[in-house]
Amino acid sequence: MALGALNAWTAQQRHDYGAFSTALCLCGCTAGLFGEDLVQPGYRRDRVVLAHVATHPGAATRQVARAVGASERVVARNLDRLTDDGLLVLVMGGEPPVSGRTRLAS
């Protein structure tokens, strides 16, 4: 956002209105994305959980929770949402299936 504001100021000084409008759009988009992160903190954690599972396939819910610094219940909700969205799949390991372990979907 600071970069967009600096670009807008510089463009205004040079009377470059195309760059000025682009810089204002950059500021607006940045503010929107920042606001979305504030409104939806669960989705921000989804990205962190997804990144951890990508680098540690088959990690148990407890391990993921410790790694991202959240409770198991919160991480389980993140994993359920990512599984429902098709980004993760449950790891099956014989009879009965291993519970609470996921990996990236192929």
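For the numbers below, each heavy atom of this structure counts, side chains included, while hydrogens, waters and symmetry mates do not.
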For [X] and [Y], work out which heavy atoms get closest and say how close.
X	Y	result
Ala105	Gly86	CB-O, 3.2 Å
Arg101	Ala60	NH1-N, 3.7 Å
Val64	Ala59	CG2-CB, 3.9 Å
Gly58	Arg103	N-CB, 4.4 Å
Val75	Ala65	CG2-CA, 3.6 Å
Arg62	Glu72	NE-OE2, 3.0 Å

Say whether Leu87 and Val89 are linked into one hydrophobic cluster, either directly or through other cluster members, by side-chain heavy-atom distances under 4.5 angstrom. no
With the 4.5 Å side-chain cut-off for hydrophobic clustering, are Leu88 and Val74 part of the same group? no
Give, for atom NE2 of His52 and atom OG1 of Thr102, the distance between the pair rounded to the nearest 0.5 Å. 9.0 Å
Enter the distance from Thr61:OG1 to Arg77:CZ here, rounded to the nearest 0.5 Å. 13.0 Å
Do Val53 and Leu79 touch side chain to side chain, with heavy atoms closer than 4.5 Å? yes
